[in-house]
A.B. asks: 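Have a look at this one.
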Amino acid sequence: MRKRRPFAVISGKQKKKSPGEKIVYIVLMLALGLLVLQVTYSLGRSVFASLFVDTVISENSVLEHTVSASGVLVRDEHVVAAPLTGILHWQVPQGERVPLGATVATITTAGGIQQKVTAPVPGMLIKQLDGLEGELQPKALADIRPEKIDDVKPQQAESGEDVQQGSIIFKLVDNYTWYFVARMSRQEYNDFREFSPSARLRFSFAPKEEVRSQSAKLSETDDTVTVAFTLQQDIDGGFTERFAEADVIMRGTSGIVLPSSALLLRGDETGVYVVDKSVVRYRSVDVLDVAGDQVVVDGLRPGFSIITNPGLVREGQRL
């Protein structure tokens, strides 16, 4: 039997890289690192943009120029008192226009005597009373100072309620012409007068309705101007409310209304970024009007997704 010969592993020497090979290796590693960094940056930027980019859908609308005003409503109001003491029963509902001589209510005394209460003038029946009917009348517009009128709690007599002789139980309002006497800052008044003495008003108690008006200055101080707006259009609440806030709409411009933050400047050109099939595209626009932090533009169709913080993205980026 043969004996196995012992053997040993002789370590060899690793071939050293030449200087040229080292340079190529370093260049390849740097290129690989840059590629990984670029891919990571692109993916990170896309993820960041998708999380934080804000958009709005372009829609046709109207950009309004408005100023605010607060004041009181003044109407031609004729109050009617109870002719005797007794139990009141209404014959006409609130807000109905009644002719001269129409029976508005009846009062029954404790002894069973019933008396009709008729309309001394034609007008709209308003049962809600605030005690300012005598103070606030159209013939005294020039003397009205809204800031000096205290707020009051309206009251209304109900059917079946006892009323005292001589107490005011309802009023009849001429619903053809009414007034809004309001205070404005001098700057707001100057802005308003720059356009026109006529304007549309949108009251806080009827925010979906607008009424046309003509205005006249009643008085002024160094800081404020008191203005009377004449109105001849019925709106919900116009004959029951007394104190009101209103937007005075001076003019409006139609078009695509966007936040001004969406605009981009490229030299002399103005545009916006839109998202088209998940890709950021640039669209040039013409700015038609500016009001506050909104603009109205031309050059876009309704339905575009507009980026409102364009500084977070670049053209051609995929979101």
A.B. asks: Counting N and O atoms only, with roles assigned by atom type, does the side chain of Glu269 sit under 3.5 Å from a partner on the main chain of Arg266, one being a donor and the other an acceptor?
C.D. replies: no

A.B. asks: Return each pair, listed once, that meets salt bridge (charged side-chain N to carboxylate O under 4.0 Å, His left out) where at least one residue sits in residues 150-163; pairs must be two or more places apart or across chains.
C.D. replies: none

A.B. asks: Does any N or O in the side chain of Ser284 come within less than 3.5 Å of the main-chain N or O of Thr270, such that one atom is a donor and the other an acceptor?
C.D. replies: no

A.B. asks: Quick one: are Glu59 and Pro302 in side-chain contact, heavy atoms under 4.5 Å?
C.D. replies: no

A.B. asks: Go through the steps to decide whether Asp247 and Phe203 satisfy the test side-chain contact (heavy atoms from CB on, under 4.5 Å), and finish with yes or no.
C.D. replies: CA-CA 6 Å; Asp247 287 331; Phe203 288 98; over 6 Å; no

A.B. asks: Between atom CD of Glu241 and atom CZ of Phe205, what is the distance when rounded to the nearest 0.5 Å?
C.D. replies: 6.0 Å

A.B. asks: Once salt bridge (charged side-chain N to carboxylate O under 4.0 Å, His left out) is applied, do any residues pair with Arg301, and if so which ones, sequence neighbours excluded?
C.D. replies: none

A.B. asks: Under the side-chain contact (heavy atoms from CB on, under 4.5 Å) test, which residues partner Glu135, sequence neighbours left out?
C.D. replies: Leu132, Ile149

A.B. asks: Measuring from atom CE of Met124 to atom CG of Asp76, what distance do you get when rounded to the nearest 0.5 angstrom?
C.D. replies: 13.0 Å

A.B. asks: Are Val295 and Val62 connected into the same hydrophobic cluster when the rule is that any two of I, L, V, M, F, W, Y join if their side-chain heavy atoms are below 4.5 Å apart?
C.D. replies: no

A.B. asks: Run the side-chain contact (heavy atoms from CB on, under 4.5 Å) check on Val181 and Leu141 step by step: do they pass?
C.D. replies: CA-CA 8 Å; Val181 180; Leu141 282 181; 3.6 Å; yes

A.B. asks: Could you tell me which non-hydrogen atom of Leu63 sits nearest to which non-hydrogen atom of Val257, and how far apart they are?
C.D. replies: N-CG2, 4.0 Å

A.B. asks: Quick one: does Ser213's side chain have a donor or acceptor within less than 3.5 Å of a partner on Ala199's backbone?
C.D. replies: yes

A.B. asks: Is there a donor in the side chain of Gln91 and an acceptor in the side chain of Thr103, or the other way round, less than 3.5 Å apart?
C.D. replies: no

A.B. asks: Step by step, work out the side-chain contact (heavy atoms from CB on, under 4.5 Å) result for Thr253 and Arg251.
C.D. replies: CA-CA 7 Å; Thr253 303; Arg251 66 180 176 88; 3.7 Å; yes

A.B. asks: Applying salt bridge (charged side-chain N to carboxylate O under 4.0 Å, His left out) as the test, list every pair that has at least one member in residues 205-231; sequence neighbours left out.
C.D. replies: Arg186-Glu220, Arg200-Glu210, Arg202-Glu210, Lys217-Glu220

A.B. asks: Taking atom CD of Gln137 and atom CD1 of Ile144, what is their separation to the nearest 0.5 Å?
C.D. replies: 8.5 Å

A.B. asks: Distance-only, no hydrogens or angles: does the Gln128 side chain make a donor-acceptor pair with backbone N or O of Thr240 under 3.5 Å?
C.D. replies: yes

A.B. asks: Other members of the hydrophobic cluster containing Trp90, with the 4.5 Å side-chain heavy-atom rule, please.
C.D. replies: Val80, Leu84, Leu88, Val92, Val98, Val104, Ile107, Val117, Val121, Leu125, Val163, Ile169, Phe170, Leu172

A.B. asks: When rounded to the nearest 0.5 angstrom, what distance separates OG in Ser261 from CD in Gln294?
C.D. replies: 10.0 Å

A.B. asks: Who passes salt bridge (charged side-chain N to carboxylate O under 4.0 Å, His left out) against Lys171, sequence neighbours left out?
C.D. replies: Glu77, Glu133

A.B. asks: Could you tell me if the side chain of Arg75 sits less than 4.5 Å from the side chain of Asp174, heavy atoms only?
C.D. replies: no

A.B. asks: Can you list the other members of the hydrophobic cluster that holds Tyr176, where links are side-chain heavy atoms under 4.5 angstrom apart?
C.D. replies: none

A.B. asks: Who are the salt bridge (charged side-chain N to carboxylate O under 4.0 Å, His left out) partners of Asp130, not counting sequence neighbours?
C.D. replies: Arg242

A.B. asks: Which heavy-atom pair separates Gly71 from Pro146 by the least distance, and what is that distance?
C.D. replies: CA-CB, 4.2 Å

A.B. asks: Mind listing the closest non-hydrogen atom pair of Pro83 and Gln165 along with its distance?
C.D. replies: O-NE2, 3.2 Å

A.B. asks: Rounded to the nearest 0.5 Å, what's the gap from CD on Glu245 to OG on Ser68? Could you check?
C.D. replies: 7.5 Å

A.B. asks: Apart from Val79 itself, what residues make up its hydrophobic cluster, given side-chain heavy atom links below 4.5 Å?
C.D. replies: Leu129, Ile168

A.B. asks: Starting from Ile87, walk the hydrophobic network (Ile, Leu, Val, Met, Phe, Trp, Tyr; side-chain heavy atoms closer than 4.5 Å) and list everyone else you reach, by chain and number.
C.D. replies: none

A.B. asks: So if you build clusters from Ile, Leu, Val, Met, Phe, Trp, Tyr with side-chain heavy-atom gaps below 4.5 Å, do Phe229 and Leu218 land together?
C.D. replies: no

A.B. asks: May I ask you to test the Thr55-Thr308 pair for a side-chain heavy-atom distance under 4.5 Å?
C.D. replies: no

A.B. asks: I'd like to know if the side chain of Ser215 and the backbone of Ala228 have a donor-acceptor N/O pair within less than 3.5 Å.
C.D. replies: no

A.B. asks: Which heavy-atom pair separates Ser254 from Leu288 by the least distance, and what is that distance?
C.D. replies: O-CD1, 4.0 Å

A.B. asks: Which pairs with one or both residues in residues 246-305 pass ring-ring contact (aromatic ring centres under 6.0 Å, His included), sequence neighbours excluded?
C.D. replies: none

A.B. asks: Do any N or O atoms from the side chain of Glu188 and from the backbone of Val67 form a donor-acceptor pair under 3.5 angstrom?
C.D. replies: no

A.B. asks: Looking at Thr108 and Gly112, would you say the former's side chain and the latter's main chain have a donor-acceptor pair under 3.5 Å?
C.D. replies: no

A.B. asks: Does a side-chain heavy-atom distance below 4.5 Å link His78 with Pro120?
C.D. replies: yes

A.B. asks: So, do Ile307 and Val275 sit near enough that their side-chain heavy atoms are less than 4.5 Å apart?
C.D. replies: yes

A.B. asks: Starting from the C-alpha separation in whole Å, work towards a yes-or-no answer on side-chain contact (heavy atoms from CB on, under 4.5 Å) for Arg283 and Asp276.
C.D. replies: CA-CA 11 Å; Arg283 295 286 186 274; Asp276 182 15; 3.9 Å; yes

A.B. asks: Asn309 side chain to Phe52 main-chain N or O, any donor-acceptor pair under 3.5 Å?
C.D. replies: yes

A.B. asks: Check whether any side-chain N or O of Thr106 sits under 3.5 Å from a backbone N or O of Gln115 as a donor-acceptor pair, and report yes or no.
C.D. replies: no

A.B. asks: Does Leu264 share a hydrophobic cluster with Val297, counting links as ILVMFWY side-chain heavy atoms below 4.5 Å and allowing steps through other members?
C.D. replies: no

A.B. asks: Could you note down all residue pairs passing salt bridge (charged side-chain N to carboxylate O under 4.0 Å, His left out) where residues 108-120 supplies at least one of them, sequence neighbours left out?
C.D. replies: none

A.B. asks: Within the side chain of Trp178, is there an N or O that forms a donor-acceptor pair under 3.5 Å with the backbone of Gln233?
C.D. replies: yes

A.B. asks: According to a 4.5 Å side-chain heavy-atom criterion applied to Ile, Leu, Val, Met, Phe, Trp and Tyr, with indirect links allowed, do Val274 and Leu319 form part of one hydrophobic cluster?
C.D. replies: no

A.B. asks: State whether Arg281 and Glu315 are salt-bridged, where the test is any N-O pair (Lys NZ or Arg NE/NH1/NH2 against Asp/Glu carboxylate O) under 4.0 Å.
C.D. replies: no

A.B. asks: Specify the closest pair of heavy atoms between Phe180 and Ala69, including all atoms of both residues, with the distance to one decimal.
C.D. replies: CZ-O, 4.1 Å

A.B. asks: Is there a side-chain contact between Ser219 and Arg145, using heavy atoms and a 4.5 Å cut-off?
C.D. replies: yes

A.B. asks: Tell me yes or no: between the side chains of His65 and Asp289, is some donor less than 3.5 Å from an acceptor?
C.D. replies: yes

A.B. asks: As a quick check of understanding, evaluate side chain to side chain donor-acceptor pair (under 3.5 Å) for Thr177 and Gln232, giving each step before the final call.
C.D. replies: CA-CA 5 Å; Thr177 302; Gln232 293 182 312; 3.1 Å; yes

A.B. asks: Starting from Leu73, can I reach Val173 by hopping between I/L/V/M/F/W/Y residues whose side chains sit under 4.5 Å apart?
C.D. replies: yes

A.B. asks: What heavy-atom pair brings Leu300 and Ile256 nearest, and what distance separates the two atoms?
C.D. replies: O-CG1, 3.8 Å

A.B. asks: Using side-chain heavy atoms (C-beta onward) and a distance below 4.5 Å, is Ile57 in contact with Ile306?
C.D. replies: no

